[in-house]
Structure formats: structure tokens, C-alpha cells
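The structure appears right after this line, and notes come after that.
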Amino acid sequence: MGKDTAKLARGPLSLKKELTFQSVMLNYGLYIAMLATFATFAIINDKFLSLNNVVNVFEQAAYYLVCAVGITFVLVSGNNDMSVGSQIAFSSVIATIFLAQGGSIPLSMGMMLVFALVIGLCNGLFVVIIGLPPFIGTIATGYVVRGIAANMTKQETQYGLPAAYTQFAWNKTLGLSNLTWIAIAITLLGLYILHFTSFGRKVFACGGNAKAAEVMGINVKRVKIACYMISALSAAIAAMMLMSRLGAARSGTAETLHTECVAAAVIGGTSLKGGQGSVLGTLLGVFFIAMIRNGLNSQGVNAYWQLVFTGGITLLGAILDSYKSRANAAV
Amino acid sequence: MKQRMSKILAVVLAAVMLLALAACSSGTPAGSGSPDGGPVKNPNLDDGVNRVGICWSSFSAEATQILMANYEAHYKEYGIDEIIMLEAEGNLERQIDEMQDLANQGCDIIICNSVDPDGIAPVVDSIQAQGIPVIAVDRRISTDVYYTLETDNVCCGRDVARTIAQMTMLDEDGNLAADGSVEVLKCVGNMTSSAVRDRFSGLNDELQYWPHLNVVGEPSVESNIEKVYNAVLDGFKTNPNIKAIFVVGDNQVAPVVSALKELGRLVPPDDPNHVIVASVDGISSVVKGIQAGENDIVANQRFDLFCTDALKVIQDYFNGDTSIQGVNNKLPTMIVTRHNVDYLQKNNYLWALPANG
Amino acid sequence: MEQKEKDYLVIEDIHKSFYGVEVLKGVSFSAAAGEVHGLLGGNGAGKSTLMNILGGIYSKDSGRIFIDGKEANITDSKAAERAGIAFIHQELKLFGLRSVAENIMISNLPTKGPFHFVDDKKKNEIAKQYLDEVGLQVSPTTRLDELSIAEQQQVEIAKALSLNAKVLIFDEPTSSLTSRETNILFGIIRQLKKNGACIIYISHKSDEIFEICDKVSVLRNGENVGTRDTANTTNDELVSLIIGRKLDQYFPELPPAPGPEAETVLEVKGLVNKKLNGVSFALRKGEILGLFGLMGAGRSETARAIFGLDHLFSGEIYMEGSQVKISSPRKAMKTGISFLTENRREEGLVLNADIRKNLTFPILSRVSVPGIGCIRAKTEMSLVKEAFKRFLIKATGPEQRAATLSGGNQQKVVLSKWFMTDSKVLILDEPTRGVDIGAKAEIYQLITEMVEKGLSVILISCEESEMMGMCHRILVMRDGEIIGEFQRDETTQEELVGLCIGGKAV
């Protein structure tokens with residue numbers, strides 16, 4: 001085939017010499033929007049980009065990040081997990097009640113992880129084995145789990161965590177809070193598993209083309225269920241982080257958490273169709289949303305407008321994503 | 001190249017996990033002060049701007065809205081250049097984040113009305129460890145703060161009880177009322193709030209010194225409007241001679257008045273069948289109700305002082321006077337009845353009804 | 001070539017670029033009414049782009065199109081429709097859930113009454129007329145997806161007729177048809193020709209071009225490199241025009257056929273499931289065994305059953321003498337069997353992933369650290385580079401997304417992926433479908449090389465010439481059974497086809 005055809009086949013976005021406005025906007029539009037927003041906030045508020053503030057934002061977003069990394073796995077495998085917020089409510093409530101009655105900390109953590117595995121398996125059962133659409137299957141699990149928590153606590157906030165637990169979030173190591181370190185560790189771990197192991201490859205295959213993955217000998221069902229368990233485990237860890245930070249647990253916690261995590265993943269380049277995504281992208285997405293919230297907060301904007309803003313950014317990311325895939329397919 | 005990178009990543013990962021584990025046992029606890037043992041210097045003081053942060057639990061109450069308006073109207077008079085006002089809409093998570101944000105955005109001192117006195121303590125400790133003082137207004141915080149400004153709720157309860165006693169001291173003929181002849185219905189509120197507990201503590205203590213008062217019912221209403229309404233109706237079924245009803249917050253006055261209307265007992269104060277309604281807070285509808293004769297006693301919380309007193313303390317701080325540190329200022333409430341309501345309003349003592357309003 | 005009358009369709013000097021890459025570099029050709037004009041060319045030569053411009057899906061950058069002497073301005077597919085151009089696509093664009101009549105009449109449904117409800121009776125009547133014109137004997141109310149692909153194609157032709165199309169473009173129409181159905185299609189085309197339509201026939205099958213077309217133009221690299229009368233040219237001349245050089249041999253020389261005394265590497269006995277009625281055969285080591293038959297004869301189903309994709313009711317499979325139970329593709333791969341499916345886009349490639357990932361999906365255990373699963377990048381890269389070299393994959397690099405490769409290169413990626421699994425038996429289902437002639441030759445060469453190294457191959461194909469050219473031994477299937485077995489030199493293409501259609505079993 002001639003040189004021209006090869007160039008054609010490469011796709012318009014990788015024509016290195018071709019820096020048209022179009023290709024720049026498609027590839028980098030989101031980052032440009034990010035920079036523009038940050039610049040605007042920085043002008044209004046000179047402390048916005050201070051090291052202190054940025055580190056602080058990261059700390060506030062730490063438990064979101066852990067959850068979002070877990071969800072990234074599920075999204076890349078071609079599914080969705082709407083139950084993470086409910087899982088956090090459930091496991092934090094149960095663990096707090098247990099600890100308030102004198103249970104040991106390692107035991108409570110073990111309990112939370114075991115519950116997570118069970119709930120992840122249930123999600124896998126509904127969505128992968130029975131074949132329910134992920135939207136329905138995971139919402140159902142979520143309702144059941146949150147309902148149990150609400151019933152147990154009559155929707156009252158649970159207190160009584162031991163001091164060691166609650167102090168953890170407020171202690172710093174090497175200048176960063178402990179929660180930040182945990183988030184970094186989980187992100188690195190997620191990055192490693194998704195992008196550098198054969199399991200991670202399988203996740204991409206299952207999401208990209210499950211039929212082909214099956215033909216190539218990948219156990220698609222097992223991989224997808226494993227992803228649900230990964231997301232459940234990261235929800236459990238996020239729950240531990242939240243308990244430490246708040247010193248309390250509530251069955252109504254984290255109601256919109258799932259949406260924000262998925263938004264962060266989509267902004268970071270994960271496709272809701274599956275087969276595409278990156279943990280680093282999710283990290284950027286979480287960071288972006290957290291910085292925006294911080295900027296809006298400092299101007300006293302109320303929470304409902306913030307939702308509008310986050311929604312707008314997600315839309316932008318999704319639209320750009322769809323244009324990109326159309327442009328690639330047009331060749 | 002990728003292989004080397006993954007090796008490096010594995011090492012970094014291991015290092016990070018080790019550090020995290022180490023942090024579990026030996027992190028630097030908050031509030032330890034600077035290495036030389038002296039107080040930590042406030043990092044935000046030297047930026048040339050006197051900035052105050054206000055973090056409130058919720059802006060939904062009428063009292064809060066008026067208080068915020070007051071802060072905004074008066075802060076400049078106290079040498080403050082900028083205020084930032086945030087609310088957490090009742091969400092502890094959000095309030096923790098907002099407190100941190102205020103600290104990071106250059107606030108020299110922060111006023112906090114906590115969603116949860118225990119839950120907010122760690123972040124308050126962390127902020128104070130950086131040298132930024134925190135003032136607690138209207139709700140205590142479960143840790144040492146620079147200054148606490150709240151209502152003396154025990155005293156409040158006592159004052160209300162005493163006022164009820166004095167209003168019912170004489171019977172219809174002008175003689176001292178007989179022992180136990182004045183029946184009182186006490187609607188018990190949400191006892192998890194320390195303010196509520198304090199009010200009842202004062203009320204109950206004072207009640208025992210007045211023999212003519214007799215508490216005939218103590219229904220638990222948890223500040224639920226419907227429960228209050230039903231409690232009053234039920235109370236009158238068993239005790240048709242109730243002379244006084246106490247509710248712990250002004251939001252419960254409206255259902256009491258409706259219930260009395262339903263029973264046909266909403267009559268002017270000079271009518272012998274009039275039932276005394278006593279409450280705490282001082283919102284505009286209740287004060288107007290006193291003027292109209294529907295309810296009788298309200299212990300007016302000094303939201304006006306919550307503004308000016310706090311601002312004064314802040315002004316002193318900026319001028320280098322930190323002698324107020326550690327003080328818990330409990331403000332007494334002001335008893336308002338139909339005998340003094342117009343006078344108080346005229347002289348601007350009522351935050352809910354300013355003189356020209 | 002003298003033109004007695006002005007040609008009905010004239011395309012003059014069309015240029016088209018995408019994102020700065022010039023795809024059509026000034027293509028001109030013309031076709032008369034009542035003429036079937038073939039369009040040949042490798043993938044990427046520009047055939048589809050040119051036809052998409054005619055059909056209004058893309059707009060040309062420059063050049064002119066004349067229909068019946070008047071210049072046509074084709075801005076979108078509606079304009080193309082108005083100009084009388086109809087496009088029968090390779091992937092049929094019909095509504096499976098709606099009836100035949102609705103599909104035909106969809107652009108101009110007859111209505112009745114002031115509220116313009118659809119007049120079903122009239123709709124079915126008009127549709128029946130067109131169905132009769134193409135000779136399709138089905139009721140107009142039949143749901144479209146209940147028809148076979150060939151019948152659906154006829155519906156699409158009927159739809160074109162209903163729109164009074166005078167120019168009909170057929171894009172690879174026989175790719176999903178069997179020989180018998182192709183003959184029916186040719187009958188329809190000849191009828192249309194007689195009625196004065198101008199037909200453009202895009203195909204890579206040169207035997208079809210010779211059979212049905214009056215003229216043929218060859219596109220290469222966005223240019224028309226030659227128009228010939230089919231009566232006056234040869235296959236070799238066309239092939240050399242397409243590739244741009246002379247090809248001596250299309251099919252490579254096969255390694256010698258293993259005789260009956262050679263070791264049997266795979267044997268199946270009595271395979272029965274929904275589509276199979278007891279299939280038994282044996283594959284020798286180093287042999288290329290062909291499975292031939294019409295669509296639905298059970299060839300792909302046999303392969304899928306052996307590979308564990310479809311469930312077997314009964315039957316035995318033996319690998320190298322010992323019986324194996326194959327319940328899933330993974331088990332099949334473990335016993336040494338690999339399977340290249342007939343639909344690379346649905347089951348062969350993860351389109352969004354790059355070539356490197358696609359190549360290593362089946363061999364992940366080989367490129368990763370056992371136990372931890374960490375991918376060894378160096379090992380992977382060297383395998384990938386070798387694949388590129390050996391299998392002549394033309395791409396910008398291992399990072400190119402599979403979706404942007406040409407059909408032939410995509411097929412090569414899938415092939416090399418399976419070749420690299422080092423299996424003992426490789427089942428290939430239509431390995432050269434949708435692949436241009438140059439790549440086809442390369443693929444045949446690759447298969448032969450692998451067989452020389454000891455691989456045993458089962459080759460499933462619809463093309464008799466491919467069977468005859470590439471297989472040592474050919475099995476003919478019909479209705480889920482094997483009805484004939486031939487050595488390559490013992491039979492002819494005609495005999496194979498004849499057996500499929502209805503000859504006596506041997």
C-alpha cells in the first residue's frame with residue numbers, strides 16, 4: 001500500500017505535522033478548559049494556586065480518588081457500578097457500631113473488606129451472571145445495602161470511634177496527611193494493575209470487545225466480576241478514610257458520590273462504552289473537579305450551582321470524547 | 001524501558017505503603033505547637049489584609065439570616081477588611097472541607113458554628129495548630145478554642161420558669177395561688193442537643209422552688225410540629241385546666257397556638273381561660289405573637305450580641321490583645337412579655353424586629 | 001473506444017482529501033445506460049470514497065458529475081436520491097424489525113385521510129410490484145430479519161427501484177452470498193441492465209467482474225489507472241493493473257500433502273448439536289484441510305463446536321490421539337487449537353486497542369511474569385516487532401489503533417495473533433474475506449510457511465478457487481453433514497459447487 005494510504009490509516013489525530021485547530025481542540029480541549037478555569041479562579045483569588053491550597057484540595061479529595069480508581073476498573077471492563085456510595089454508607093455504619101461497642105480496629109477493617117468482597121460478588125452475580133443491565137443491578141444492590149444501614153441506625157449519625165482511628169486522618173507524615181498518602185498508594189496500585197499487568201489487559205479486552213475476548217480465551221465473566229470486587233474493595237477503603245475524617249458514620253452518606261466519581265473518570269478519558277480509560281486520567285479528573293469545587297466554595301457559591309458546574313464539565317468531556325471517536329472512525 | 005519503570009513503580013509503591021503504616025503509629029499529632037515550645041505564629045496575619053472567615057452550619061434559620069446580615073453590615077466598623085461567609089447546609093463533611101479552605105485562603109481568624117461539636121473538633125485542632133484562632137458561636141466545640149460565645153441556656157430555662165411562676169402567682173381573687181393549682185405542660189425537645197438539655201436543666205431546677213406550679217405532662221416532641229400539636233390536644237384531654245405550656249424552641253410555638261385555637265382556648269390575656277405560652281429564641285413571628293396576645297413569654301437570645309461581641313473580640317485580636325483567649329462567654333437571654341415588648345422594640349433590643357421594622 | 005452516444009453517468013476529475021490526506025487524485029470515468037461497469041481496486045484505492053461521493057455521503061473537493069448530460073450537484077444522500085442514484089451497500093442499511101414493504105417504501109409511504117395515516121394496503125400493493133420486478137417471492141408483510149441476507153439484498157434493490165433509480169451502485173454485493181444466490185443476483189442485474197439502468201459493480205472478485213460486467217475500471221491510489229472492456233482483457237492484466245506490478249503466481253506452491261500414513265493430529269467423531277448432524281473427520285499433521293459448502297451448511301458451526309464456542313450435544317474430539325473435552329475457548333487453546341473467526345470486527349479484534357495489545361491478548365501468559373502478571377515490556381515488544389516483520393503488517397507502528405487499519409492489515413493482525421499462539425491446529429474461517437488481492441496473496445504465502453513449520457490447518461471458505469488453490473484435501477458439507485471428500489488433484493471447481501447445490505453424495 002502506498003505511503004498515502006498508510007498516512008490515511010494512521011488517523012487524523014496522530015498526524016504529527018498537522019497542528020490544525022481541530023486536532024488540537026479534540027485532543028487537548030479538556031486540558032485547555034481546565035487551565036482556563038484555574039487561571040480564572042487564580043485571578044479572582046490569589047490563594048487559589050498556593051501550594052497549601054492545592055495540597056489541601058488533594059487531601060479533601062483523597063477518598064473520592066480511592067473510590068474513583070475502583071470505579072475506573074468497572075468502567076473499562078464495560079460495566080458501571082452505581083452502588084459505591086451505598087457501600088460506603090453501609091460499611092462505615094456497621095464498622096462504627098462495632099467499634100463503638102469496643103471492637104478492635106483490625107477486626108473492623110477486616111470485616112469491611114469481607115463485606116466489600118461479598119457485595120462485589122453480588123454485583124457480579126446480578127450483572128455478569130444473570131445479565132441484568134449494570135444500571136439496574138447495581139442500583140438494586142445499593143438500595144438494599146443502604147436500606148439495611150438506614151434501618152439499623154434509624155438514620156441517626158453513629159459516633160464512638162476510638163481516638164486512634166479518628167486521629168489518623170489528622171496526622172501528617174512528611175508534610176502530607178495520612179489520607180493523602182493512602183490515596184496516592186491506591187492510585188499507584190490501581191495504575192500498576194490496570195496498565196502493567198496481564199489482568200489489566202484482560203479488563204481492556206473485555207470492555208473493548210467482549211466477544212473477541214471470549215474467542216481469545218479470556219474468561220470474560222471472571223474478569224468482570226473481579227472488577228466489581230475491586231470497586232467494592234476501594235469503596236471499603238474510602239469508607240475507612242471517611243470514618244477517620246468525620247469521626248462518625250451516617251446511613252445517608254455519599255449519596256452523589258457515584259456520579260462524581262464517574263464524572264471524574266469520564267473527564268479523565270474513560271469511555272462509558274468500555275475498553276478505554278486510564279487511572280492517571282481519573283486522577284486528573286478527580287483533581288480537576290476538586291479544584292473547581294474549592295474555587296467555587298471560596299466564592300461562596302452554593303452546592304446546587306456546583307452540581308450544575310460539575311455536570312457541565314462532564315458533558316464537555318463526554319462530547320469531546322464522542323467527537324474524537326467519530327473523527328477516528330471517519331477515516 | 002517499561003520494565004524498568006514498573007520496577008521503579010513497585011519500589012515506590014512499597015515505600016509509600018511502609019510510610020503509611022508508619023504513620024499509623026507515629027504521626028505528628030495536631031496541636032503540638034512549634035518546636036521551641038512557644039505559641040505558633042498565625043501565618044495569615046502578615047498579608048496586609050484583615051480577613052475573617054465565617055463557617056456556619058446552615059443558613060436556613062431566620063435568626064441566622066439576620067445574624068449574617070448584621071455581620072455583613074458591621075464588619076468594617078471593627079477594622080476588618082474582608083469577610084468570607086460559608087455554610088455547610090448541615091453537612092459535617094462539607095463543613096470540615098470549608099474550615100480547611102478558609103484557613104488556606106488567608107483568613108486570620110475563623111468563626112465557626114458547628115454542625116457537630118465532636119466531628120468538627122479535629123479540623124479545628126488542626127487549624128489552631130497552624131496558629132489561626134477559631135471562635136465558636138452559638139454552639140460549643142468539643143475542644144479548646146480561642147473564644148466561645150453562646151447563650152447561657154441554663155439561666156435561660158430558669159428565667160422562663162421564674163417568669164411563668166410570677167405571671168401565675170396570684171389567683172383570680174388576687175390571693176396567693178394554692179399549692180399545685182397552676183398546671184404546666186412541658187414539651188420535651190430533642191435532648192441530644194446540649195442547648196436543649198441546659199434549658200430543661202435550668203427550667204426544672206427553678207420549677208421546684210415554686211409550689212403553686214405543677215407539671216402535669218412531659219410529652220416528648222423532639223421539635224416535630226405535628227407531635228407538638230398532638231401533645232397539646234392530648235394534654236388538654238387529660239388536664240383541661242392547664243394554665244401554661246412550655247416549648248423549648250420558637251418553631252414549636254405555631255402548632256401550640258393552632259392547637260389552642262382548635263380547643264377554643266386561644267383567648268386574650270385578660271381572659272381567665274387564657275393559657276400562657278412560653279418559648280425560647282425570639283423570632284419575629286413569636287415576638288409579634290406576644291404583641292398580639294397569642295403567646296406570652298419568650299426568652300430572647302442575644303443574636304445581636306453574637307454579632308457585635310464576636311466582632312469586638314476579633315478587633316482586639318487584630319490590635320494584639322489576646323487576653324480573651326479561652327473565655328467561654330455565656331450570654332443571658334432577655335425575657336420578653338407584653339409588658340416590655342414595645343419598649344424593647346423601640347430601643348432596638350429585639351434583633352428580630354428592629355425599631356423601624 | 002468510440003462512444004456512440006453520450007454516456008449516462010460521467011465523473012470528471014474528482015479530487016477529495018481527508019484531513020490533509022488526498023484520497024482521490026482526479027478520478028474520471030463514465031458509464032452508459034444499460035451498461036454494467038465494474039470497479040476494481042485494492043483497499044484504500046478509493047473505490048468506497050468515490051462511491052460515497054456519488055451517493056452523497058461525502059462531498060467532493062473539486063470535479064464534476066454529470067447525469068444524463070446535466071451536471072448534478074450532490075450535496076447529501078437526499079440529493080443523490082433525487083438524482084436517481086441508489087446505493088446497495090455492503091452492509092445492508094435496512095430496518096430488521098420492520099416489514100419488507102416498510103423498508104421498500106420508507107421514503108415515500110402512501111398516506112390516506114386528512115391526518116396522513118399510513119395507507120397499509122397501498123403500501124403493501126406497491127411494495128409487491130417492486131418485489132415482483134426483482135423476482136423475490138415473499139409476502140410484503142414479512143419482517144425483514146426473517147429473510148436471508150440474499151433476500152434482504154433483493155429488498156434493498158427493490159427499494160432502489162421504487163425510488164426510480166437510474167444509477168445503481170453495488171458495493172461487494174456477493175460477500176455474504178453463496179454461488180446460487182449470486183446467480184440470482186446476476187439475473188436481477190441483467191434485467192435491470194435491459195431496462196436501461198446504469199450499474200456500477202464494485203468487487204474484488206475478478207471472476208464476477210468477468211461474468212457480469214461489460215466494462216471495468218481499475219482504481220489504484222486514488223486514480224483510475226485503466227478502463228477495459230471485459231471481453232478484451234484478462235484476469236492477469238487486471239491484477240497487474242490493481243497491484244501495479246505483475247503477479248506470477250496468485251496461489252503459492254503448497255508443501256507436499258501428508259499421506260495416509262502421516263500422524264493424525266486432530267480427529268472428531270460424530271459431532272452433533274443444533275446445526276450439526278454427526279460430523280466426523282481427521283486432520284493430518286502438516287495438512288491443509290478445506291471445508292467447503294454453502295452458507296448454513298455447518299462449516300463455521302463445526303469450527304465453533306471444536307473450539308468450544310458452541311455447545312455439543314454429543315461427539316468426541318481427539319487431539320494427538322487422546323480424547324479431550326473442550327468446553328470453552330480457553331480449554332481449546334490449552335489443547336493447542338486456535339480459531340480465526342469469520343467476522344474480524346465482531347469477534348476478532350478489539351478495535352479500540354492498539355495493534356500491540358491485540359497481538360498479545362491470547363498470549364498474555366507468555367509476556368508476563370508468572371504469578372504477579374506484570375507485563376514484560378521487552379519480551380512483548382520483541383514479539384510484536386517480529387510479527388510485523390514476518391507478517392508484513394503495514395501500519396505506522398505497534399501503537400496504531402486497530403480500527404484505523406485497512407481490512408487486509410486487520411486480517412493480518414488477527415492471523416499473526418493466532419499464528420503466535422504456537423498452536424498445533426489452526427482453524428481459519430474465511431481468512432481472506434474483505435481483503436484486497438495483494439494482501440490475499442501475502443496471506444496465502446504466510447499460511448503455507450506456517451504449514452511448512454508443522455502447523456495443521458483447517459480452511460473454511462466459500463470461494464471454490466481458494467479451496468482448489470490452497471487445500472490438500474477438501475471436505476464438502478451440506479445440512480450439517482459431510483457429503484464428500486476429495487483430494488485436490490481429483491476434482492474441479494465445478495464438481496465442488498455441483499455437489500453443494502444438489503448432486504449426489506460421494
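Chain naming here is simple, since letters A, B, ... match the order of the sequence lines and numbering starts at 1 in each.
Taking each heavy atom of C:T432 and C:Q411 in turn, the nearest pair found is N-NE2, 4.1 Å.
For C:T341, the part lying near chain A is the side chain, with the backbone staying farther off; criterion is any non-hydrogen pair under 4.5 Å. Only the backbone of C:L349 comes within contact range of chain A, judged by heavy atoms closer than 4.5 Å. With a threshold of 4.5 angstrom between heavy atoms, C:L351 does not approach chain A through any atom at all. Heavy atoms closer than 4.5 Å to chain A are found nowhere in C:Q410, neither backbone nor side chain.
Partner C:T360 forms a side chain to side chain donor-acceptor pair (under 3.5 Å) with one of C:K417, C:R366, C:E380 and no other, that one being C:E380.
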Problem set entry | Worked verdict on C:F307 versus C:D429 for side chain to side chain contact (heavy atoms under 4.5 Å, CB included) | CA-CA 12 Å; C:F307 194 62; C:D429 196 347; over 6 Å; no
Exercise. Going through the checks in order, is the side chain to side chain contact (heavy atoms under 4.5 Å, CB included) test met by C:I443 and C:K412?
Worked result: CA-CA 7 Å; C:I443 290 178; C:K412 279 194 228 165; 4.2 Å; yes
